[in-house]
2 protein chains.
Amino acid sequence: MSASPPTTRKVTLSDIAAGCGVSRATVSLVLRGSPLVNARTRERVEAELRRQNYVYNRSAANLRRRTSSSIALVLNDLANPFFAEFAAGVDEALGTAGYVTLLGNSGESRTRQQAVLGSLVEHGPGGIILSPAEGSTAPEVLAAVGAQVPLLLFNRELEEAGAQDAHWDRLLLDNRTGARLATEHLLAQGHRRIAFFGGHGDSSSAQQRYAGYRDALRAAGAKEAAHWRVETAPTRLDAARQTERLFARAPAPTAAVCYNDAVALGLLLGLHQRGLRPGRDFAVTGFDDIAESAFSTPPLTTLATAPRERGRQAAELLLARLHDPQAPAQTVVAPVRLVVRESSPPPSDR
Amino acid sequence: MSASPPTTRKVTLSDIAAGCGVSRATVSLVLRGSPLVNARTRERVEAELRRQNYVYNRSAANLRRRTSSSIALVLNDLANPFFAEFAAGVDEALGTAGYVTLLGNSGESRTRQQAVLGSLVEHGPGGIILSPAEGSTAPEVLAAVGAQVPLLLFNRELEEAGAQDAHWDRLLLDNRTGARLATEHLLAQGHRRIAFFGGHGDSSSAQQRYAGYRDALRAAGAKEAAHWRVETAPTRLDAARQTERLFARAPAPTAAVCYNDAVALGLLLGLHQRGLRPGRDFAVTGFDDIAESAFSTPPLTTLATAPRERGRQAAELLLARLHDPQAPAQTVVAPVRLVVRESSPPPSDR
DNA sequence: CGCTACATTTGAAACGATCCAACGCCGACG
DNA sequence: CGTCGGCGTTGGATCGTTTCAAATGTAGCG
């Protein structure tokens, strides 16, 4: 038998063709399952494919066909379990549709995001799913991706969008309704002095959640106090640190709607440190329902966003757009579901 | 001015060349920063590139140059924060080296892993970083990736490896030493009845950690009891459920080395439910140092594995391999670091 | 037997970039 | 005046696949 040459070249269509005495065209037809080829020929070719251990070169095919079989996924924080779940959902749905995921992580850095987008676009993805870094503007994103490749925005809006927002689709969470539900739940429990805790005022999701909170308060005729709106970084650590600001002035709140679960978990910690017992002396709600929230002490009342399902949905929206590039841009607002656990009891001082 | 045609074609090298009256070859030279081209020509070409909003087609270039600018990353559980961090580290290092990450998630399913590997390989990645699904065998993985493309195994070994293990590099965690350190820490705290809790006996990492635990016990002359080795699924929920088995027979342990943090957190929960106060009546250690462990009640003594750093390291090992394909296969065992927190006090019954 | 119809197969031109050998030009040198 | 060397530039082949018009072969039919 012939020894394989020192540098094992990749085996191509031509090798197969030569190996069983047909033309490249025929082999190509076999590969693509065309009904044109004779059954016997097909078998010979398929045997040869196996024998030579052929692997299809999809890039070459994509080049010729002017198609793409990849989708870029660019996230603002892959290390965050919420986005990790989302990515898993995206990859799952793309995989079953025969696409491959090009991953990029901006880590909330706009400049890194630009670099990542630029580099991914050079690989010619069929579309892009982007959860933008905080503060990203429409012009900069459009400059990086161009107007040609379909873009699906997840989770956040772009700033300075102007009239350009017709150029992309959006999948957003129903932040406003979610925060309203949480607030209504606390109101129903009997709370009247309810704070809104955490998040940055200039992030669109924080604004929306804050708006939902105010909707509920206003509808119930409840008041707000200025020191009941405390901004923090959306991290556990900063939330724990800022806890005291809720109690800086009287009257102190008896409950808090938190920007997200990380902040809520931090608040639990901060309350503990002040000698308060969250779930008994003080009610707390979160947002996201990260895995941890079911196991915290006390387990956290929060809003489930089903990130994996969102990921699948995002992928499907984008694939639908690839299928019909001319359809008008759409915005889908995904519902969120209130999950009541033990962190949101009625007020204790009644 | 000329209206753009209805279907806006992608702009190519030839468009640029035609647009400023040079040949494609010259434009290519400009793109690749060759010193051969005249400064004035270069400027004209660069202006035209900007004017037409050219974007480089890296796949075409890769086809011609027989190179690759992507690396496949296939994980057994992307939704797990440990692997999400790892992925972020990989992507970061690959990105700065000019590579793009092709993501795949097997979700611990071997068949899905085979499908994912197959599909990714068709895109011609320069190499593969694989954290295999549990139970993956060397033959099946080799069949999917072929022997041509460099493979780096992370976190787990392949089964039925035989002599083939010379074909890939490995980056592993020092499981054995880590578990030994945890056990030694508990011994130093004065514990003598120490359990090993959680994990599946047939997973290589569980075996290694169990071995480290036994190393420490034996060195200290401490005994093991059969019911102190409790197997669980590596999840919080199952760990909580199985807690009682630790106390099924006397003598009960006063401390437990857990397979990982998820299991340890579940054990904390299970202990609570039995009326025990972990961190006071019972000592617990974990493994991984996931974000949550610093904030649990009590904060968890555990082994930090620095997943993001591991991700960067994996990427760099693979890139080094690309650079020198002939170098002998290497195995790197990454150290882990004991982080002592409040979950591992001395025994209370002394 | 000549002709059409049909079933297969194929040659060659793409896709968008790279690369190499060759070319034109110009001043210098013998 | 002829030719040599360098500098910039370029034509055309090439990477591995697809595609389409055209070629080939085979059979049926009048």
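Below, chains carry the letters A, B, ... as their sequence lines are ordered, and counting in each starts from 1. All values reported here derive from a predicted model rather than from experimental measurement.
With sequence neighbours excluded, no residue satisfies side chain to side chain contact (heavy atoms under 4.5 Å, CB included) with A:Glu43.
Closest to the side chain of B:Ala61, from the set D:dT18, D:dG16, C:dT18, is C:dT18.
If you run side chain to side chain contact (heavy atoms under 4.5 Å, CB included) between B:Ile128 and each of B:Val141, B:Leu152, B:Leu117, only B:Leu117 comes through.
Rounded to a whole Å, the NZ atom of B:Lys10 is 8 Å from the P atom of C:dG16. Following rounding to the nearest Å, B:Glu122 (CD) and D:dG16 (C1') show an atom-to-atom distance of 13 Å. Across the protein-nucleic acid pair, A:Leu63 atom CG and C:dA13 atom P stand 17 Å apart, rounded to whole Å. One can place NE2 of A:His123 at 17 Å from P of C:dG16, the figure rounded to the nearest angstrom. What separates CD1 of A:Ile16 from C1' of D:dG16 is a distance of 12 Å, to the nearest Å. As rounded to whole Å, 16 Å separates atom P of C:dC25 from atom CG of B:Asn38.
Using a 4.0 Å cutoff on non-hydrogen atoms, the parts of residues 42-58 of chain B near DNA chain C are B:Tyr54, B:Tyr56, B:Asn57, ordered by number. A heavy-atom distance below 4.0 Å to DNA chain D is reached by these residues of residues 19-32 of chain A, ordered by number: A:Arg24, A:Ala25, A:Ser28, A:Arg32.
A salt bridge between A:Glu108 and A:Arg156 is present, with a side-chain N of the basic residue lying under 4.0 Å from a carboxylate O of the acidic one. Looking at A:Arg110 and A:Glu159, no side-chain N of the basic residue comes within less than 4.0 Å of a carboxylate O on the acidic one, giving no salt bridge. Salt bridge present: B:Glu92 and B:Arg308 bring a charged side-chain N and a carboxylate O closer than 4.0 Å.
With hydrogens and angles ignored, the 3.5 Å screen pairs a side-chain donor or acceptor of A:Asn105 with a backbone N or O of A:Leu78.
Side-chain contact annotation: A:Ser69 with A:Asn62, donor-acceptor N/O pair under 3.5 Å present. Between the side chains of B:Ser106 and B:Ser109, no donor N or O sits under 3.5 Å from an acceptor N or O. Side-chain atoms of A:Glu309 and A:Gln313 include no donor-acceptor pair closer than 3.5 Å.
Comparing A:Leu36 and B:Val11, the nucleotide of DNA chain C nearest to each residue sits closer to the 5' end for A:Leu36.
Checking the phosphate oxygens (OP1, OP2) of D:dT19, a side-chain nitrogen or oxygen of A:Arg65 falls inside 4.0 Å.
On a pure distance criterion of 3.5 Å, a polar donor-acceptor pair joins the side chain of B:Arg64 and the base of C:dT18.
Contact annotation for B:Thr41: backbone-only contact, meaning every heavy-atom pair under 4.0 Å involves sugar-phosphate atoms and none involves a base.
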